[in-house]
Novice: 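Handing you this structure, nothing more for now.
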Amino acid sequence: MSTITHAGLAPVREVLANGARVMAKESRTTPAVTIHAAVYSGTVCDPPSQPGVAHFISRTIDRGTTSRSADQIAEELDSRGVSLTPSVNRHALSLVSTCLVEDFESVLSIVADIILNPAFPEAEVQTRRGEIITTIRQDEDNPAAVASEAIMEILYGAAHPYGRRTRGTVESVDTITRSTLQTFHGSWFVPEALSLVIVGDVEPELAVEAASRAFGGWRGGSLPTVTLPIPESSRERRVHLVPMMNKVQADLAYGFTSILRSDPAYYSYWLMNNILGQYSIGGRLGDSIRERQGMAYYVFSSLDANVIPGPLVIRAGVNPANVERAVSSIDGELTRFVAEGPTDRELSESKQYLIGSMPRTLETNIGIANFLQTIEFFGLGLDYDRRVPSLLQALTKEDVHAAARAALDPQRATIVVAGPYAGSLR
Amino acid sequence: MAILAPQSPAATAVHEEVLDNGLRVLIQEVHTAPLASVWCWYRVGSRDEGPGQTGVSHWVEHMNFKGTTNIPRDRVKGIIEQYGGYWNGYTWVDQTTYTETATRDALDHMLFIEAERMTNGLYDPADCESERTVIISELQGGENDPDQLLDQEMTATAIQAHPYRHPTIGWLSDLQTMTREDLYGYYRGFYVPNNATLVIVGDIDTAAALKSAAKQFGGIPSRDVRRHIHTREPEQLGERRVTIRREGTTAYLKIGYHAPAIGSPDFFPMLLLDAVLSGAKGMNLWASFRTPPPQRSARLYQALVNTGVASAVGGALMPTQDPFVYTISVTATEGVPLARVEEVTLGAIEDVRASGLTAHELRKAKNQLRARLVFENDSITNIAHQLGYYETIDSWQIVSSMPERIEAVTLDEVAAVAEQRLQASNRTIGWFDPVS
């Protein structure tokens, strides 16, 4: 039964004649299938003067095609109990759907119709614009969202595709029209941009055949390139305060730019980040700030090594009276990590945890689908799940220590505080 | 009996056993991944808290991660992690629960942790103090969200007598004043085997798992359980309103109706009614957070979101032991006045009260729920959650009967609950009206 740990996932992968990529993995846990279609047209593809187009696409793409109205799509999906969830991140727009196995082919053909032939009806564009603006306004009143967006803007610059707001601004969203969406779709939605993953109670060969029927006839140009400037890492400590005096609690974001996902040092960074702000309840940071000092309900760090050096950001929600103490505790933990590196016990515990958690990560259809999309996006190889243990086991204390020295200098940190705080943090 | 669909040969029927000390043990083998999941449930939640002690159940939950006689404070983290595992807990109105999921060879460790937690908690005074501020931080983080603030106010207005009225996190002043003795006394009063259910699901052997459970828990004596609070919420005599005017950017509307408890014959008709109004969520509070409901063709979505009046709408019928509140939550589109949002929402509700549902709508809602029941059982953690959750508020047998009970609901039954439950005198309307 332990196919996952022994034989590995071993998904079937095929590139269709038009360049579209398909991966399939059979899993018979439930009589259901998860379809995860990613199109590499994320928010980094937004026109520089018009942030928010890719997000706007994600809110309108499933609202009518050339042959189905929005209501027809809704009815076809709802009547099968299927929710189709469009989402967008910096690099991909995704449509994710779980359906009963008997509905698989019908749902896949709807997904294909939505990706290939969206109509962006004028009335839908207007209605969804109102929703998007409401969401942007909600974010503006949410200290956690404000802190997260502000630190990206400072780390990468307001004009950088990583520094822009992913949903755009009220002003930019106001300028997006039906024709903006059609133009974006025309240039970025091409077969080469598609990575389709199918996981569930269907044989991989049949899944690939179904994908070929749904997407094989799609023709399109080649995928445009987007220039992502390499960010300069900060040479100094920067503090930015966003007073939101109507709030009760302040949100901190404390971070750096990190490294490429393809950098050989990635695995050292992964382990270092786990020890710093993930392991158990928030690693060393959780131990200090939550467990020993009782200052925060949540504190953690996250690493997003990507096609350019992505962010490594520590987040915490604290009482405004504790902002300075929390930041100074983070400074202290980083300084200690840089000076001393990990302990033997931390190194072995985090390795064991990350390796041991693979079967859990790969238990559900959606877990497997997300994992396969990551493999495809970064070109990690179909045996990646089997290679993870040796990649992690090979790391030494010195590897992790070197990652900490390179990444975690408090004197070069960028710090944002959003919330009812207007003090003199430095 | 099987929770998974019949075509899944990997799952056995649920095995139920009550140990001599009253601990109920539920075991199900599911051999789809080399994992095991344990949930230990206690019949104690914010419903058991009186004035001055609100939030104590949740605080006790936090303290139960702070070391025991045989698991020193600094060894709490790491046991489950060494098996790639995950652990957590939650507290709500009727229940407090603790869980671990890890590779199957960790099962004995999970059971050891739960047995320790049942009886040997340390409650170190310094840890109680430090956790006080962590929980206040949790409360204040929640208050940053106007939607959550409105939910708390609306619920406290809709429910007047039953302790379901106060938030599970507690009122701030109680969190500031409770003592270590309050926490420890509460813990001793409710954490006894005869007030608990232990659930084990995964790639395990039933007989071996039962033996391990008996070994870890069998020596814990049963004791009298501290008295639960019993109050019956009186009938609401007229519509109530609450309006929060605070600085903010976005307006929110919440309408709460007194809802049927899980044991009421009205519960499943109400579940179908909610599915038609706002899309089917399913029956698993642990799993349902993850996927939004299929709701594009639902009545309230059509009336509010597709017309641009609202940017989001949701309905929540929670399975609870006593009658709780059925909540409809609406986020107003920027620029649309709350009065208009309320008018459209109530209009759609009056429509369903006046004319009921169509057969097509009922069929669709049933299909949705049938699919959700499959989707929400996609992991051993979720399967185990369901058994313990329903045993704690009523009986785990509800889980296996859900498909039939959903299928059996008739148009007339839904029309009757709509007519009776959604009437004006049974509702509380809450506004978050932002001032800039």
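Since we're looking at a predicted model, the values are computed, not measured. In what follows, every chain begins at residue 1, and chains take the letters A, B, ... in the order their sequences are listed.
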Novice: Can you check whether B:P294 reaches A:L77 side chain to side chain, under 4.5 Å on heavy atoms?
Specialist: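 A side-chain contact is absent here, since even the closest heavy-atom pair is not under 4.5 Å.
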Novice: Side chain, backbone, both or neither: which part of B:F375 has a non-hydrogen atom closer than 4.5 Å to chain A?
Specialist: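 Answer is side chain: those atoms of B:F375 sit under 4.5 Å from chain A.
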Novice: Looking at B:T32 and A:T29, would you say the former's side chain and the latter's main chain have a donor-acceptor pair under 3.5 Å?
Specialist: no
Novice: If I measure from the heavy atoms of chain A, does B:K366 come under 4.5 Å with its side chain, its backbone, both, or neither?
Specialist: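 No part of it gets close to chain A.
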Novice: Quick check for you: among B:G335, B:S130, B:G78, B:A102, which has the greatest number of heavy-atom pairs under 4.5 Å with chain A?
Specialist: B:S130
Novice: Hey, is the main chain of B:G248 close enough, under 3.5 Å, to the side chain of A:D141 for a donor-acceptor pair?
Specialist: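 Checked: no pair found.
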Novice: Let me know if B:N306 has heavy atoms under 4.5 Å from chain A in its side chain, its backbone, both or neither.
Specialist: both
Novice: For a quick test of reading the model, state the closest non-hydrogen atom pair linking A:G283 to B:K77 and the distance between them.
Specialist: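 Closest pair (atom of A:G283, atom of B:K77, distance): O-NZ, 3.7 Å.
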Novice: Please classify the contact of A:E102 with chain B as side chain, backbone, both or neither, using a heavy-atom distance under 4.5 Å.
Specialist: side chain
Novice: Please examine the side chains of B:S137 and A:M295, heavy atoms only from C-beta on, and report whether any two atoms are closer than 4.5 Å.
Specialist: no
Novice: Between A:V96, A:L100, A:T135, who has the most heavy-atom pairs with chain B when the cutoff is under 4.5 Å?
Specialist: A:L100
Novice: Got a second to check how far B:R363's CZ is from A:S79's OG, nearest 0.5 Å?
Specialist: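 Between B:R363 CZ and A:S79 OG, I get 11.0 Å after rounding to 0.5 Å.
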Novice: Find out whether A:E131 and B:E334 are in side-chain contact, i.e. whether some heavy atom of one side chain is under 4.5 Å from a heavy atom of the other.
Specialist: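 Side chain of A:E131 against side chain of B:E334, heavy atoms only: no contact under 4.5 Å found.
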Novice: How far does OG1 of B:T133 sit from CG of A:N322, to the nearest 0.5 angstrom?
Specialist: 7.5 Å
Novice: May I ask you to test the B:N144-A:M244 pair for a side-chain heavy-atom distance under 4.5 Å?
Specialist: no
Novice: At a 4.5 Å cut-off on heavy atoms, which part of B:T250 comes close to chain A: side chain, backbone, both, or neither?
Specialist: side chain
Novice: Please classify the contact between B:T333 and chain A as side chain, backbone, both or neither, with a heavy-atom cut-off of under 4.5 Å.
Specialist: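 Its backbone and side chain both get close to chain A.
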Novice: Is there side-chain contact between B:R296 and A:D62, with at least one heavy-atom pair below 4.5 Å?
Specialist: yes
Novice: Counting heavy-atom pairs under 4.5 Å with chain B, which one of A:I136, A:D251, A:D71 comes out on top?
Specialist: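 Ranked by contacts with chain B, first place is A:D71.
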Novice: Measuring from B:S311:OG to A:R137:CZ, what's the distance to the nearest 0.5 Å?
Specialist: 12.5 Å
Novice: Which atoms of B:I380 come close to chain A, meaning under 4.5 Å heavy atom to heavy atom: side chain ones, backbone ones, both, or neither?
Specialist: both
Novice: Under 4.5 Å from any heavy atom of chain A, what part of B:Q295 do you find: side chain, backbone, both or neither?
Specialist: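 Just the backbone, heavy atoms under 4.5 Å.
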Novice: Sort out for me which of A:G367, A:G130, A:A296, A:P420 touches chain B most, counting heavy-atom pairs under 4.5 Å.
Specialist: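 Heavy-atom pair counts peak at A:A296.
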Novice: Return the option, out of A:A32, A:A74, A:S27, with the maximum number of heavy-atom pairs under 4.5 Å with chain B.
Specialist: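 Most heavy-atom pairs within the cutoff with chain B belong to A:A74.
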Novice: Below 4.5 Å from any heavy atom of chain A, which atoms of B:R132 appear? Answer side chain, backbone, both or neither.
Specialist: neither
Novice: Rounded to the nearest 0.5 Å, what separates atom CD1 in B:I80 from atom OG in A:S357?
Specialist: 13.5 Å
Novice: So which residue, B:G85, B:A312, B:A310, ends up with the most heavy-atom pairs under 4.5 Å with chain A?
Specialist: B:G85
Novice: Does any backbone or side-chain atom of A:Y298 lie under 4.5 Å from a heavy atom of chain B? Answer side chain, backbone, both or neither.
Specialist: neither
Novice: If you take all heavy atoms of A:R290 and B:V134, which pair is closest and at what distance?
Specialist: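 Distance-wise, the nearest heavy atoms are O-CG2, 3.6 Å.
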Novice: Measure distances from B:E81 to the heavy atoms of chain A and classify the residue's part below 4.5 Å as side chain, backbone, both or neither.
Specialist: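 Contact with chain A: backbone and side chain both.
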Novice: Tell me, do B:R372 and A:S83 make a side-chain contact under 4.5 Å, heavy atoms counted?
Specialist: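 SC-SC contact between B:R372 and A:S83 confirmed.
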Novice: Hey, are the side chains of A:R128 and B:V305 touching, using non-hydrogen atoms and a 4.5 Å cut-off?
Specialist: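 A:R128 vs B:V305: side chains touch.
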Novice: Testing the basics here: between B:G141 and A:Q249, what is the closest heavy-atom pair and its distance to 0.1 Å?
Specialist: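 Residues B:G141 and A:Q249, closest heavy atoms: CA-NE2, 3.4 Å.
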Novice: Measure across A:N246 and B:E247 and return the closest heavy-atom pair with its distance rounded to 0.1 Å.
Specialist: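 Shortest heavy-atom contact: ND2-O, 3.3 Å.
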Novice: Heavy-atom count around B:R246 CZ within 6.0 Å, excluding the residue itself: above 12?
Specialist: no
Novice: So what's closer than 4.5 Å to chain B heavy atoms on A:S348: side chain, backbone, both or neither?
Specialist: backbone
Novice: Are B:T331 and A:T134 close enough, and set up right, to give a side chain to side chain contact (heavy atoms under 4.5 Å, CB included), and what steps lead you there?
Specialist: CA-CA 9 Å; B:T331 308; A:T134 306; 4.1 Å; yes
Novice: Measure distances from B:V336 to the heavy atoms of chain A and classify the residue's part below 4.5 Å as side chain, backbone, both or neither.
Specialist: neither
Novice: What residue in A:V170, A:N142, A:D103, A:D287 has the most heavy-atom pairs under 4.5 Å with chain B?
Specialist: A:D287
Novice: B:T101 and A:R360: which non-hydrogen atoms are nearest, and at how many Å?
Specialist: O-CD, 3.6 Å
Novice: Which one of A:E291, A:Q293, A:R80 has the most heavy-atom pairs closer than 4.5 Å to chain B?
Specialist: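 Top option by heavy-atom pairs under 4.5 Å: A:E291.
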Novice: Please check this pair: side chain of B:S379 against backbone of A:T364, looking for a donor-acceptor N/O pair closer than 3.5 Å.
Specialist: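 Looks like no, no N/O pair under 3.5 Å.
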Novice: What's the shortest heavy-atom distance between A:V248 and B:E143, and which atoms?
Specialist: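 Result for this residue pair: CG2-OE1, 3.7 Å.
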Novice: Tell me, side chain or backbone of B:A332 under 4.5 Å from chain A's heavy atoms, or both, or neither?
Specialist: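 Just its backbone gets close to chain A.
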Novice: Is chain A contacted by the side chain of B:A126, its backbone, both, or neither, given a heavy-atom distance below 4.5 Å?
Specialist: neither
Novice: Counting only non-hydrogen atoms closer than 4.5 Å, does B:R73 touch chain A with its backbone (N, CA, C, O), its side chain (CB onward), both, or neither?
Specialist: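 Only the side chain of B:R73 comes within 4.5 Å of chain A.
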Novice: I'd like to know if the side chain of A:E75 and the backbone of B:S297 have a donor-acceptor N/O pair within less than 3.5 Å.
Specialist: no
Novice: Spell out, as yes or no, whether a donor-acceptor pair under 3.5 Å connects the side chain of B:N367 to the backbone of A:G81.
Specialist: no
Novice: When only pairs under 4.5 Å are counted, which of B:K66, B:Q140, B:H360, B:Q302 shares the most heavy-atom pairs with chain A?
Specialist: B:Q140
Novice: About how many Å separate NE2 of B:H62 and OH of A:Y297, when rounded to the nearest 0.5 Å?
Specialist: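 With rounding to 0.5 Å, OH (A:Y297) is 5.0 Å from NE2 (B:H62).
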Novice: By a 4.5 Å heavy-atom criterion (distance strictly below it), what part of B:Y86 contacts chain A: side chain, backbone, both, or neither?
Specialist: both
Novice: With a 4.5 angstrom heavy-atom cut-off, could you sort out which part of A:T85 is near chain B: side chain, backbone, both or neither?
Specialist: side chain
Novice: Give a yes or no answer on whether the side chain of A:T30 reaches the backbone of B:V374 with a donor-acceptor pair at less than 3.5 Å.
Specialist: no
